[in-house]
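This report concerns only the one structure given below.
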There are 2 protein chains.
Amino acid sequence: MPELPPPRLDEIDALLLDLLQYDAGRTLHELGERVGLSPSAVQRRIARYRKDGLIAGQIAVLDPHRFGPTVLATVLVTLNQESFEHHRVFAERMRAEPQVQQCYRVAGPWDYVIVLAARSMRDCGRLGDRLFKADDNIRRYETLVAFDTIKTSLALPLPAPQSPPPQDRRP
Amino acid sequence: MPELPPPRLDEIDALLLDLLQYDAGRTLHELGERVGLSPSAVQRRIARYRKDGLIAGQIAVLDPHRFGPTVLATVLVTLNQESFEHHRVFAERMRAEPQVQQCYRVAGPWDYVIVLAARSMRDCGRLGDRLFKADDNIRRYETLVAFDTIKTSLALPLPAPQSPPPQDRRP
DNA sequence: CGTCGGGGCGCAATAATTTCGCGTGCCCGA
DNA sequence: TCGGGCACGCGAAATTATTGCGCCCCGACG
């Protein structure tokens with residue numbers, strides 16, 4: 001699996017990607033206005049981001065609390081058997097479960113950090129039972145139920161541009 | 001602030017929202033094909049989701065590891081002073097920091113769970129210093145650096161439809 | 001039992017947006 | 001100094017989104 005080097009990004013690329021990762025609903029015209037390019041130039045750049053895998057996808061973000069009660073929770077998990085195979089099986093189970101929003105394997109006494117989205121406190125409890133209590137390879141887990149959501153996003157802090165900024169060529 | 005009741009959703013609504021929260025790049029035609037509606041009907045439904053606040057936004061998801069090295073970490077934080085004002089100030093700081101992807105206030109001995117995105121291990125350390133070590137209202141914090149990302153999303157498990165499914169009226 | 005809206009649909013015309021070929025200018029290396 | 005590659009803007013063409021219209025189904029009410 002060839003790990004390609006990160007593509008060179010100029011200032012406009014960083015600007016565009018940053019605009020897109022906070023609001024992908026804008027037209028090419030509007031994006032072009034903000035970064036100083038024509039719609040077609042913007043379109044060509046975005047096509048390149050897709051081809052290069054910089055943009056992994058485009059999604060609608062739903063508001064959890066407009067769908068009736070929603071319980072978010074963070075779960076810390078430590079496995080029992082740490083073999084490669086056990087990790088693989090666990091990861092696969094997390095990936096397959098729609099109520100698992102996020103899952104990270106981490107350094108330290110805990111092995112995994114997981115973010116769950118449930119429809120009720122009871123659902124949350126049962127989900128924990130099903131995913132972790134019923135798994136006899138899990139030594140210990142701790143559920144941190146969220147009172148409140150301060151912030152959620154998947155936005156990345158973009159690296160500073162490595163290429164000199166091209167000039168604005170619009171009329 | 002009037003907390004409106006969650007809108008009634010039929011089976012098609014749930015289907016559409018689920019399609020959109022995993023891929024918002026499809027055309028109305030394609031969406032209509034999948035749920036059994038005409039493009040215009042799909043468009044009207046989506047407009048309603050926006051108006052009702054079910055869809056909070058539409059974003060491009062960037063691939064962290066295509067932008068050179070990226071370090072993700074979860075941080076657990078306990079405040080010193082627990083007054084309302086102290087919480088407000090802390091929350092505001094988290095919201096203002098682009099490298100804070102997510103922040104939840106949680107039950108239990110820890111007060112907050114935070115997900116950070118940094119450009120390097122060193123950046124991650126400095127970010128922690130700046131956000132938490134330099135804040136003398138933070139009693140204790142623990143950083144769980146991610147080795148690996150199993151899954152990231154903001155997708156919600158959608159509630160089962162509360163209204164009977166309308167029939168397919170296409171020719 | 002019949003009639004009267006309201007809501008949601010498909011269709012089709014219209015508007016907006018995206019896509020793509022073409023010609024141009026700039027930058028860089030030979 | 002002279003090409004060659006690259007990215008740009010322009011504008012035509014294709015695709016997609018939007019909106020008005022008439023229809024049908026269903027529930028409410030007489």
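This is a predicted model, so every value here is computed, not measured.
Residue B:Val71 belongs to a hydrophobic cluster whose other members are B:Met121, B:Val145, with links defined by side-chain heavy atoms closer than 4.5 Å. When hydrophobic side chains of Ile, Leu, Val, Met, Phe, Trp and Tyr are connected at separations under 4.5 Å, A:Ile138 ends up clustered with A:Val75, A:Val77, A:Leu79, A:Phe90, A:Met94, A:Val100, A:Tyr112, A:Ile114, A:Leu116, A:Leu127, A:Leu131, A:Phe132, A:Tyr141, B:Ile150.
Remark: A:Thr27, A:Leu28 in residues 17-28 of chain A come within less than 4.0 Å of DNA chain C through at least one heavy atom.
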Self-check item: Paired and unpaired positions of DNA chain D as dot-bracket, Watson-Crick or G-U wobble under 3.5 Å, | denoting a partner strand
Solution: ||||||||||||||||||||||||||||||

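A straight line from CD of A:Gln58 to C1' of D:dT16 spans 14 Å, rounded to a whole angstrom. Between A:Arg8 atom CZ and C:dC28 atom P there is a gap of 14 Å when expressed in whole angstrom units. For A:Leu37 and D:dC10, the CG to C1' distance is 14 Å, given to the nearest whole Å. Regarding B:Leu31, its CG atom lies at a distance of 12 Å from the P atom of D:dT16, rounded to whole Å. Across the protein-nucleic acid pair, A:His29 atom NE2 and D:dA17 atom P stand 19 Å apart, rounded to whole Å. The distance between atom CG of B:Asp10 and atom P of C:dG7, rounded to the nearest whole Å, is 15 Å. The nearest whole Å value for the distance from the CG atom in B:Asp13 to the C1' atom in C:dG8 is 11 Å. Note: CD (A:Glu33) to C1' (D:dG9) measures 15 Å, nearest angstrom.
Between B:Gln101 atom CD and A:Leu156 atom CG the span is 6.0 Å, to the nearest 0.5 Å.
Residues B:Pro39 and A:Ser40 each lie close to DNA chain C; by heavy-atom proximity, the contact nearer the 5' end of the strand is made by B:Pro39.
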Quiz item: Can you list the steps and then say if B:Leu62 with B:Phe67 is a side-chain contact (heavy atoms from CB on, under 4.5 Å)?
Solution: CA-CA 9 Å; B:Leu62 307 187; B:Phe67 290 87; 3.8 Å; yes

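Side-chain proximity of B:Arg44 to D:dA7, C:dC20, C:dG10: nearest is C:dG10.
No donor-acceptor distance shorter than 3.5 angstrom exists from the side chain of B:Arg45 to the backbone of B:Ser40, with no hydrogens or angles considered. In this structure, the side chain of A:Asp18 does not engage the main chain of A:Ala14 through any donor-acceptor pair within 3.5 Å.
For D:dT18, the OP1/OP2 oxygens have a side-chain nitrogen or oxygen of B:Gln43 closer than 4.0 Å.
Applying the side-chain hydrogen bond (donor to acceptor under 3.5 Å, both in side chains) test to A:Arg88 and every residue at least two apart in sequence or in another chain returns A:Glu85. Every salt bridge (charged side-chain N to carboxylate O under 4.0 Å, His left out) that A:Glu30 has, sequence neighbours left out, goes to A:Arg34.
Exactly one residue among B:Arg48, B:Arg8, B:Arg44 makes a salt bridge (charged side-chain N to carboxylate O under 4.0 Å, His left out) with B:Asp13. That residue is B:Arg48.
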